[in-house]
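Heavy atoms only: backbone and side chains are in, while hydrogens, waters and symmetry mates are out. Every number for a ligand or one of its atoms is a count from 1 in the order of the listing.
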Amino acid sequence: MAVDPLIELRDVNKYFGDLHVLQDIGLTVDRGEVVVVIGPSGSGKSTLCRAINRLETVQSGTILLDGQPLPHEGKALARLRADVGMVFQSFNLFAHKTVLQNVSLGQVKVRGRKKEDADRRSHALLDRVGVASQADKYPAQLSGGQQQRVAIARALAMEPKAMLFDEPTSALDPEMINEVLEVMRQLAGEGMTMIVVTHEMGFARSAANRVVFMADGRIVEDRTPDGFFGDPRSDRAKDFLSKILKH
Ligand SMILES: Nc1ncnc2c1ncn2[C@@H]1O[C@H](COP(=O)(O)OP(=O)(O)O)[C@@H](O)[C@H]1O
Ligand SMILES: [Mg+2]
């Protein structure tokens, strides 16, 4: 039951043309909660994340952040994107900026910090995610795992209220997955509110407060990890779990 909602979706519907990709979505994420979203490809997980960040508009329903409807444009929208940090599968760092510049840029542009303050904070964050020595390199000179940790540092530099992770380890070589999950585990432990789309079931079991299972644009189950993995109720979830747990 919701005690202190930070993110709320009520009856949210989203179409791409005729395709009904989010169907009557209701989801509440409390402050400090970690919600893992899983489900088959095409079930609407990325669209859900993007809608919360207003990278996608929705046709009906309400999305609230901290009790306020999402802003539509302008500075308020830029602030929303800073308040809800997003980490994508594909890192999305600025290729022609150094690691340090990547982490400092938004702080100066959106949060209005002085460059020296921003850089100081960036160095501390890069240290925290374990890439302090890479500050003056360009993204292409880093491994995928390092780039993803920079992307996390960049989002954290904005002092977000919540973080959205959309398959943050799916593009990584296996040996780099854990270094990214470890940073995310640490964040969760520090009380960050997080929505994490992932196929890493170990992370879901150990770090999530809730598991949301989506299929065909709907939330089919919204359960504790123990409940979901120990006793999936829907045929869709049983089928999905039997496929991914075979690996
Ligand atoms: N920009 C888009 N235009 C049209 N269809 C889209 C677009 N983005 C996603 N879709 C479709 O919406 C559905 C949900 O996609 P997505 O949210 O990416 O699912 P998931 O992240 O669970 O794989 C899929 O059928 C996908 O093909
Ligand atoms: Mg996706």
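Using a 4.0 Å heavy-atom criterion, the residues that approach ligand 1 are Phe16, Leu19, Val21, Pro40, Ser41, Gly42, Ser43, Gly44, Lys45, Ser46, Thr47.
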Does the pair Leu80 and Gln68 meet the rule for a side-chain contact (heavy atoms from CB on, under 4.5 Å), with working shown?
-> CA-CA 11 Å; Leu80 167 77; Gln68 301 295 316; over 6 Å; no
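Using bins of under 30°, 30° to 60° and over 60° for the plane-to-plane angle, the ring pair His20/Tyr15 lands in the parallel bin.
For Asp117 and Arg121, the salt-bridge test fails: no basic side-chain N is under 4.0 Å from an acidic carboxylate O.
In this structure a side-chain-to-backbone donor-acceptor pair under 3.5 Å is present from Gln148 to Phe88.
Under the side chain to side chain contact (heavy atoms under 4.5 Å, CB included) rule, Gln147 has a single partner from Ile152, Leu172, Leu93, Asn92, which is Leu93. Partner of Leu70 under the side chain to side chain contact (heavy atoms under 4.5 Å, CB included) criterion, chosen from Leu64, Leu77, Val84, Leu65: Leu65.
For the Mg ion (ligand 2), protein N, O or S atoms closer than 2.8 Å were enumerated as Ser46 OG, with waters left out.
The shortest non-hydrogen separation linking Arg149 to Val180 is CG-CG2, 4.2 Å. Considering all non-hydrogen atoms of both residues, Val37 and Met214 come closest at CG1-SD, 4.0 Å.
With 3.5 Å as the limit, one finds no donor-acceptor pair spanning the side chains of Asp136 and Thr98.
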